[in-house]
Amino acid sequence: MQDRRFMSSSQAQAANIDAGLRSYMLGVYNHMTIGMAITGFFAYLTKIMSVSEGMLTPFGTAIYASPLKWVIMLAPLVMVFWLSAKVQTMKPESARNLFYAFAAIMGISLSSLLLVFTGESVIRVFFLTAASFSALSIYGYTTKKNLTSMGSFLIMGLVGLILASIVNIFLASSAMQFIISVVGVLIFAGLTAYDTQRIKLMYQASDDRGTALKKSIMGALTLYLDFINMFIMLLQLLGNRE
C-alpha cells in the first residue's frame, strides 16, 4: 500500500473515497446479514411454536388458518413501502430498527416454507442462493459496465412477474408456477447485480454519518429482498416437499 505521505492530493482524495466506499458497502452487507439472521431465527421459532407432534398448535392455527394469516402475509409489504417513503425523515437508528423489525416479521411470514419443504432442502437451497448471490453481487460491484439499461428491463419483468403470480393464485397452475419460478430466478439474479452497482453509486464521500447510515439501510433492504425472492424461487424449483 502506498504511503500517504508520498501521495499527491488527488491520490490521497481517491484513497479516502475508496476507504469510505468500502466502509459503506461493508455496512450494507452487515445490515443485510443481520436481517437475514433475524429472519431465519423468527422463521424457525415460529415453526417450533406452530407444530406439535405433526399437528398445528393453537398458535399455528391462528397464524396459518385464520384471518390473521393475511395480516402476516401483507405486513412485510406494507413495511417496505412505509420504510422507503419515510426513511429520509427518520432518525438513522429508527430506520435501522425498523429494518430489523421488518426482518423479524418476514421470518414469521416465511415460516410456512419450513412446513412445506424438508429442512434438508431448505438448507441446501439457502447455500445455493448464498453462493449465487455472492457471485452476482461481486460482479455488480466490480464491473465497469453500466447496468442501468438492464435494470430498467428487469424492473419491467418484475412487474410482469408480480401480475402473473397474482393471476396464478386463482388458476393454481403448476406449469405456470414453474415458469414463474424460472423467470423469477433470472430476474432476481439480474437485479442482484444491478442493485449492487446502484447502491455503490449512491455513495457520496461528502455524506454525513446519518445520511450514510440511512443509505446503507436502504441498500441492505434492497439486497435482502433480492436474496429472499431468489431463495423462494429456487426453493419452488429445487425444494423437496414434506
Side-chain angles (χ1 to χ4, degrees), residues 1-41 79-80 83-84 86-104 106 126-152 154-155 158 187-231:
M1 183 175 179
Q2 186 176 357
D3 193 327
R4 289 177 181 251
R5 293 175 298 175
F6 302 103
M7 290 182 179
S8 66
S9 59
S10 59
Q11 288 175 320
Q13 184 179 16
N16 287 333
I17 291 174
D18 287 344
L21 178 59
R22 285 195 297 271
S23 177
Y24 162 74
M25 292 301 295
L26 183 62
V28 171
Y29 290 119
N30 283 344
H31 288 307
M32 176 193 164
T33 302
I34 293 171
M36 293 296 303
I38 291 172
T39 296
F41 172 78
M79 290 187 70
V80 165
L83 179 57
S84 299
K86 298 293 185 179
V87 66
Q88 297 301 328
T89 58
M90 287 181 179
K91 293 181 178 179
E93 292 75 15
S94 298
R96 179 191 60 204
N97 294 338
L98 184 60
F99 170 60
Y100 292 158
F102 160 77
M106 181 65 87
F126 175 83
F127 281 109
L128 175 61
T129 306
S132 303
F133 176 90
S134 298
L136 290 161
S137 192
I138 290 172
Y139 171 76
Y141 183 83
T142 58
T143 185
K144 302 299 182 183
K145 182 180 179 181
N146 189 331
L147 302 179
T148 302
S149 58
M150 183 181 79
S152 302
L154 290 169
I155 291 171
L158 178 59
I187 287 175
F188 287 108
L191 282 174
T192 297
Y194 164 73
D195 285 332
T196 300
Q197 184 181 80
R198 183 172 59 84
I199 291 165
K200 176 184 176 182
L201 295 175
M202 285 169 54
Y203 172 74
Q204 297 290 333
S206 58
D207 286 339
D208 57 39
R209 176 185 173 279
T211 300
L213 178 57
K214 287 191 282 189
K215 284 185 177 181
S216 70
I217 291 296
M218 290 308 300
L221 174 63
T222 300
L223 293 181
Y224 170 96
L225 291 172
D226 289 340
F227 185 103
I228 288 292
N229 282 288
M230 192 191 305
F231 168 72

Give me the atom names and distance for the closest heavy-atom approach of [X] to [Y].
X    : Y    : value
G35  : A103 : O-CB, 3.4 Å
Q197 : G140 : CB-O, 3.4 Å
T192 : T196 : O-OG1, 2.7 Å
Q204 : L201 : NE2-O, 4.3 Å
L154 : L191 : CD1-N, 3.5 Å

[atom1] of [X] to [atom2] of [Y]: how many Å apart, nearest 0.5 Å?
X    : Y    : atom1 : atom2 : value
T143 : L136 : OG1   : CG    : 12.0 Å
L98  : M79  : CG    : CE    : 4.0 Å
M32  : D226 : CE    : CG    : 8.0 Å
R198 : D195 : CZ    : CG    : 4.5 Å

Min side-chain heavy-atom separation [X]-[Y] under 4.5 Å:
X    : Y   : value
I228 : M36 : yes
M106 : I38 : no
D207 : Y24 : no

Partner residues of S132 under the side chain to side chain contact (heavy atoms under 4.5 Å, CB included) criterion, sequence neighbours left out |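 Counting only residues at least two positions away or on another chain, S132 forms a side chain to side chain contact (heavy atoms under 4.5 Å, CB included) with L128, M230.
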[X]: which residues meet the side chain to side chain donor-acceptor pair (under 3.5 Å) condition with it, sequence neighbours left out?
X    : answer
Y29  : S137
Y224 : T39
T211 : D208
Y100 : H31

Residue list, ring-ring contact (aromatic ring centres under 6.0 Å, His included) with Y141, at least two apart or on another chain |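 None.
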Y203 side chain to K215 main-chain N or O, any donor-acceptor pair under 3.5 Å?
->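 Checked: no pair found.
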Distance-only, no hydrogens or angles: does the S216 side chain make a donor-acceptor pair with backbone N or O of L213 under 3.5 Å?
->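 Judged by distance alone, yes, a pair lies under 3.5 Å.
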List in chain and number order the residues that pass salt bridge (Lys or Arg N to Asp or Glu O under 4.0 Å) with K214, two or more places apart in sequence or in another chain; answer none if no residue qualifies.
-> none
Which donor-acceptor pairs under 3.5 Å do the side chains of residues 89-97 make with protein atoms, sequence neighbours left out?
residue	atom	partner	partner atom	Å
T89	OG1	K86	O	3.0
N97	ND2	E93	O	3.2

Please name the residue in the list Y139, F231, F227, F188 that meets the ring pair (Phe, Tyr, Trp, His ring centres under 6.0 Å) test with F133.
-> F227
